[in-house]
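As structure tokens, the structure follows; a few thoughts come after it.
Only this structure's heavy atoms are used, side chains among them; waters, hydrogens and symmetry mates stay out. The chains referred to below are lettered A, B, ... by the order of the sequence lines, with proteins before strands, and numbering in each begins at 1.
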There are 2 protein chains.
Amino acid sequence: MPSITRRRTANVGRPTSAEAEILAATQRLLINGANFTELGVQQISTEAGVARSTFYNHFRDKVDLLMRLATELMSSSFDVTSAWHPSEGVEHLADVFSQVMRVYRKHAAVRRALAEVAAYDATVRDFWGRELTQFTDWTLTLLRAEQDVGRTPADLDLESAVRVIVMGGERALVDHVTAGDPGRDAAFARELALTWWHGVYRRPADDGGAG
Amino acid sequence: MPSITRRRTANVGRPTSAEAEILAATQRLLINGANFTELGVQQISTEAGVARSTFYNHFRDKVDLLMRLATELMSSSFDVTSAWHPSEGVEHLADVFSQVMRVYRKHAAVRRALAEVAAYDATVRDFWGRELTQFTDWTLTLLRAEQDVGRTPADLDLESAVRVIVMGGERALVDHVTAGDPGRDAAFARELALTWWHGVYRRPADDGGAG
DNA sequence: CCACGTCTGGACATTGTGTCCGGAAATTAC
DNA sequence: GTAATTTCCGGACACAATGTCCAGACGTGG
């Protein structure tokens, strides 16, 4: 893959140029349930009301387009999550998950596309992986601290626990958002929070130190 | 997609025909780390020492090939799992997960390919979904029974819990197998078992009713 | 030897990708 | 207003991969 290049030169003077049109069109198509992989450059261009060649004036290829969409849209759900701390208790954690779920629902289409392409494209996979690394690192730090203070069992296998929480959690969340009943978002968030909480602390609901 | 058709006519008379050759070659390529999506019919045929047209004599397309590989190889890890019952306790559950992990490691390549294609192909996604449905149903039944007997908290949201366990667990498992240290399979299995156990029962390690 | 089924190798139509270019159109600079 | 610059259009091109089709080679069993 060549370098990034192709930075717009005088985009400033033209607010809604073809570029924005293409990004919007792609989102529209994705939201309508289109499958990113079998979405041709032609279709995207047509939907955007733009010549196919124009697409290539702005994007190296479909993957480039997807990444741009992602960075543009993905108001990191990480910010929401990382604000939480065990001292705030389980119920608060459930609230956090609820918020994350809202973010997921909002950007569901793009996230679906990301997951889809990540399965077979290394570039996107790495990008996505980097995104998840934030969570992994954060969780690891948090769990280690809890363990040091003796709140979490000493025999907890940190690496495995983090994997179960981050990878597993992400997957369950996506599955709920794509297949579950939106009316039960809160219930799901609570269940997820409680499962992690008790799973990791391995004891009854002693509100996490109520402190 | 057309119907299933294409059943071998006189396969019996020739044990190791092109068909087996192709299946084996594909596995070889996958195990060597090849990406199923960017694996051309030409490459597969060449690797199998067979003409490209021969490929189409046996498989409708690449997806067909993948499904055949899958059903042939996937000695359901379900059998292993479904043999377990809560009365056997957590540690036994960890053993079960260890066994499942062995199955996963063995068929890792094909499973990776399945996950990959499932991301963008409906046929494979459905197939894969059906596979997971077994687990979902089983877990649901089990949890409901536990809840009826009052061993599991009444406020447990069944549907969500199942999602967290099955989808999340599968993902974490795959992640561990592909990215984790094989030497720590047991540790991971145990962590997974303990997290589910305590997460679902929400109380300390009262060995699950000890029978 | 003949019939049958399989394998071969190549031709073919089709679809999608990414590149390139000449000219139209619009924007900016002068 | 005119010239220069940039973008967009639309179409041509080369290239790669799919899936279909067929004529002929090959080998086995009757």
- Starting at atom CG of B:D64, determine the distance to atom P of D:dT20, rounded to an integer number of angstrom. 11 Å

- So, do B:W138 and B:L143 sit near enough that their side-chain heavy atoms are less than 4.5 Å apart? no

- Item | Ion pair check, B:E116 and B:R112, cut-off under 4.0 Å | no

- Note on the structure: Contact check, residues 23-50 of chain A vs DNA chain D, heavy-atom distance under 4.0 Å, returns A:G49, A:V50

- For residues B:F97 and B:F188, establish whether the separation of their ring centroids is below 6.0 Å. no

- Query: Any side-chain heavy atom of B:W196 sitting closer than 4.5 Å to one from B:V164?
  - Reply: yes

- Whole-Å distance separating the CG atom of B:L65 from the P atom of D:dT18: 12 Å

- Integer-rounded Å distance: D:dC9 P and A:E19 CD: 14 Å

- Message: Of the listed nucleotides (C:dG9, D:dC9, D:dG19), which one gets closest to any side-chain atom of B:A51?
- Response: C:dG9

- Message: Taking only side-chain N and O atoms of A:H58, does any of them lie within less than 4.0 angstrom of OP1 or OP2 on D:dC8?
- Response: yes

Using the 3.5 Å cut-off, write out each protein N or O paired with an N or O of nucleotides 10-13 of chain C and the distance between them.
none

- Given C:dC7, D:dC8, D:dG19, the nucleotide with the shortest approach to the side chain of A:A18: D:dC8

- Can A:E170 and A:Y104 be counted as having a side-chain donor-acceptor contact under 3.5 angstrom? yes

- Item | N-O pairing of B:E159 and B:R144 below 4.0 Å | no

- Closest of D:dC9, C:dC7, D:dT18 to the B:K62 side chain is D:dT18

- Query: Can B:D185 and B:R105 be counted as an ion pair, charged N to O under 4.0 angstrom?
  - Reply: yes

- Item | B:Y56 side-chain N/O to D:dT20 phosphate OP1/OP2 under 4.0 Å | no

- Output all residues satisfying salt bridge (charged side-chain N to carboxylate O under 4.0 Å, His left out) with B:R190, sequence neighbours left out; order by chain, then residue number. A:D155, B:E91

- Query: CZ of A:R60 versus P of C:dT17: gap in Å, rounded?
  - Reply: 15 Å

- Item | Residues B:R68, B:D64: salt bridge by 4.0 Å N-O rule | yes

- Query: Quick one: A:N57 CG to C:dG23 C1', roughly how many Å, whole number?
  - Reply: 15 Å

- Spacing between B:F55 atom CZ and D:dT20 atom P, to the nearest angstrom: 11 Å

